[in-house]
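Input: a single structure, listed below in structure tokens.
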Amino acid sequence: MTTVIIAVVATLVITALITWVLASNYHKKVADGKIGSAEERARKIIDEALKTAEDTKREKLLEVKEESLKTRNDLEKEVKDRRNEMQRAERRIQQKEENVEKRSEAIERREQSLSAREENLNKKTEEVAKLNEQRLQELEKISGLTSEQAKEYLLKIVEDDVKHESAIMIKNMEAEAKEEADKRAKEIVVGAIQRCAADHVSETTISVVQLPNDEMKGRIIGREGRNIRTLETMTGVDLIIDDTPEAVVISGFDPIRREVARIALEKLIVDGRIHPARIEEMVEKAQKEVAAKIKEEGENAAIEAGVHGLHPEVIKILGRMMFRTSYGQNCLKHSVEVAQLCGLMASELGLDVRVAKRAGLLHDIGKAVDHELEGSHIQLGVDICRKYKESQVVINAVEAHHGDVEPQSLIAVLVQAADTISSARPGARRETLETYTSRLKELEDITNSFKGVDHSFAIQAGREVRVMVVPEQVTDEDMVIMARDIAKKIEDEMEYPGQIKVNIIRESRATDYAK
């Protein structure tokens with residue numbers, strides 16, 4: 001049994017070994033077959049790759065050859081084009097050189113011709129000079145005048161002709177300029193005047209206070225005059241108590257003090273208690289009331305003129321002008337009127353309306369303090385404007401509105417025009433008889449100072465001067481120039497409102513008698 005088992009086991013072992021050997025040989029044969037087929041495929045792939053590479057190489061070589069051939073052809077074509085262009089440029093240069101040579105030859109021929117002409121001209125000039133000298137000698141013999149005398153005579157004739165022509169030219173130019181300028185200026189000024197309606201206030205140096213009865217005069221005077229002395233001392237004015245029934249006159253050159261005195265006196269009359277202590281109290285109240293009124297008037301003027309942003313102190317100074325007059329014209333109303341006129345004319349001319357109104361309102365601000373400080377109202381106004389940081393345009397307008405300095409802007413010129421319009425309109429200002437006659441005499445003296453003037457007359461309240469000239473000394477052409485010179489001298493030496501017409505009259509008469 002054991003032997004059988006051993007035999008079976010041995011048989012199984014031997015069988016397994018034989019099977020393993022057979023399987024190994026089989027797998028080896030299969031593997032060798034696969035390796036052989038793989039090597040054969042690899043050889044085929046390599047052969048195909050080499051064949052493809054050769055084909056690609058040949059294609060690339062062909063492409064390179066074609067590209068190089070194309071490039072060569074392009075280069076040859078470009079070289080050929082450039083060669084042709086150079087040949088054309090050479091031909092053009094050669095043509096230009098030929099043209100330059102031809103021009104040079106022509107210029108040489110022209111220079112030779114000009115030289116010949118110049119020689120001929122010099123010869124002719126010498127001949128003309130000799131002939132002219134001979135002609136002058138003959139003329140001197142015939143006329144009996146030397147060349148210098150003849151020259152003076154000719155210059156006199158030429159001078160007269162030039163004077164005649166210049167007078168005609170001046171007259172024509174002035175007529176054209178005046179026609180155009182007057183038309184435009186009248187449109188602007190008349191439009192401004194029509195649109196500006198300002199009230200006119202006229203004041204004097206006295207104020208009158210009405211009394212309820214004549215007994216009040218005694219109470220105002222007080223015992224031994226203590227009441228009237230206190231009132232005059234506190235206000236700085238003079239009280240005139242005369243035979244005028246039921247009235248007291250307050251006299252003084254300072255209008256603000258007069259106003260304080262008037263208000264204080266009216267309050268005392270209403271109160272009825274008139275004694276020094278009460279007078280002091282009422283004067284203080286009147287001063288505060290006048291100060292408030294000054295500020296209110298300044299603000300109202302600024303609003304009426306359309307000017308904003310003024311310094312509070314400038315407004316107060318403006319308000320003081322309510323109590324200041326110039327030739328009977330209220331200065332504050334005049335300034336408001338000038339501001340409105342400036343604004344209207346500035347809008348017509350396309351200028352800054354706000355600056356124009358501001359300059360017009362402040363142009364006479366110096367008059368508010370000219371009775372307290374030294375200096376002209378122009379200089380005082382400039383100082384006030386500089387102190388309160390007004391613009392240079394406004395300062396120049398204030399400084400130039402009476403022609404003391406040259407205007408630096410059109411707004412300054414507008415202020416001059418508006419100031420003249422406001423002050424020169426009929427009824428705006430009053431002149432004393434002495435000032436009026438003095439101005440007329442000065443006007444006649446200026447016109448009489450010119451050579452050839454026989455006599456002159458100032459007419460139409462000094463708005464026109466008629467000048468009678470000696471006809472033997474002044475020609476018609478001289479009249480035009482003389483009228484201009486007289487007008488210029490009047491502008492330089494006189495101060496006057498509006499404009500003055502210079503009218504020159506030349507009259508020739510021939511008289512004879514039949515016997």
Side-chain angles (χ1 to χ4, degrees), residues 1-119 121 308-309 346-355 389 391-393 408-411:
M1 186 67 179
T2 304
T3 304
V4 174
I5 292 168
I6 292 169
V8 171
V9 171
T11 303
L12 289 171
V13 170
I14 291 167
T15 304
L17 287 170
I18 292 169
T19 303
W20 180 79
V21 170
L22 291 173
S24 296
N25 289 330
Y26 175 75
H27 284 298
K28 185 176 180 181
K29 289 180 179 178
V30 171
D32 290 339
K34 288 183 177 179
I35 289 170
S37 64
E39 287 178 351
E40 187 178 356
R41 284 198 301 275
R43 282 194 299 274
K44 289 181 179 179
I45 291 170
I46 290 170
D47 292 339
E48 290 178 357
L50 290 172
K51 185 178 180 181
T52 303
E54 288 294 332
D55 294 339
T56 304
K57 183 178 179 181
R58 284 195 298 272
E59 291 176 358
K60 292 297 181 183
L61 287 172
L62 288 173
E63 290 178 0
V64 169
K65 287 181 180 180
E66 290 178 357
E67 187 68 27
S68 62
L69 182 62
K70 184 179 179 183
T71 303
R72 182 179 177 184
N73 292 333
D74 292 340
L75 288 173
E76 289 178 354
K77 184 178 179 182
E78 186 177 354
V79 168
K80 185 178 180 181
D81 293 340
R82 290 194 176 181
R83 188 181 293 113
N84 293 332
E85 186 177 351
M86 289 178 64
Q87 290 176 355
R88 288 195 296 272
E90 288 177 356
R91 286 196 296 271
R92 286 198 299 271
I93 291 171
Q94 187 176 0
Q95 290 176 357
K96 288 184 178 179
E97 289 178 351
E98 292 176 357
N99 293 332
V100 168
E101 290 178 357
K102 290 180 181 178
R103 289 183 181 178
S104 298
E105 293 176 357
I107 290 171
E108 289 178 358
R109 290 195 298 271
R110 186 175 297 175
E111 287 180 351
Q112 293 175 359
S113 175
L114 289 175
S115 298
R117 289 183 181 181
E118 187 176 357
E119 291 178 359
L121 183 62
H308 307 288
S347 65
E348 291 289 337
L349 296 173
L351 303 177
D352 193 330
V353 176
R354 292 178 298 175
V355 177
K389 311 298 183 185
S391 66
Q392 184 59 37
V393 175
Q408 298 174 358
S409 65
L410 289 176
I411 289 177

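As a basis for the values below, the full set of heavy atoms in this structure was taken, side chains included, without hydrogen atoms, waters or symmetry mates. Everything numeric in this text was worked out from a predicted model, so none of it was measured. Numbers here simply count residues along the sequence, with the first being 1.
Considering every non-hydrogen atom in both Asp352 and Ala346, the closest pair reads O-CB, 4.3 Å.
Every residue meeting the side chain to side chain contact (heavy atoms under 4.5 Å, CB included) condition with Leu22, not counting sequence neighbours, appears here in chain and number order: Ile18. Residues satisfying the salt bridge (Lys or Arg N to Asp or Glu O under 4.0 Å) test with Arg92, not counting sequence neighbours, are none.
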Could you tabulate the donor-acceptor pairs under 3.5 Å formed by side-chain atoms of residues 59-76, not counting sequence neighbours?
from	atom 1	to	atom 2	distance (Å)
Ser68	OG	Val64	O	3.1
Ser68	OG	Lys65	O	2.8
Thr71	OG1	Glu67	O	2.9
Arg72	NE	Glu76	OE2	3.4
Asn73	ND2	Leu69	O	3.2

Could you list the donor-acceptor pairs under 3.5 angstrom formed by side chains in residues 98-114, with sequence neighbours left out?
from	atom 1	to	atom 2	distance (Å)
Asn99	ND2	Gln95	O	3.3
Ser104	OG	Val100	O	2.8

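For the atom pair NZ of Lys44 and CD1 of Ile46, the computed distance is 13.0 Å after rounding to the nearest 0.5 Å. One finds the OG1 atom of Thr19 at 11.5 Å from the CD1 atom of Ile14 (value rounded to the nearest 0.5 Å). Note that CD of Glu48 is 11.5 Å distant from CG of Asp55, once rounded to the nearest 0.5 Å. Once rounded to the nearest 0.5 Å, the distance linking NZ of Lys57 with CD of Glu54 reads 6.0 Å. From Gln408, atom CD reaches atom CD of Gln392 across 6.0 Å, with rounding to the nearest 0.5 Å. Here the CZ-CD1 distance, from Arg354 to Ile411, works out to 10.5 Å after rounding to the nearest 0.5 Å.
Sorted by first then second residue, the salt bridge (charged side-chain N to carboxylate O under 4.0 Å, His left out) pairs that include residues 78-88, not counting sequence neighbours, are Glu78-Arg82.
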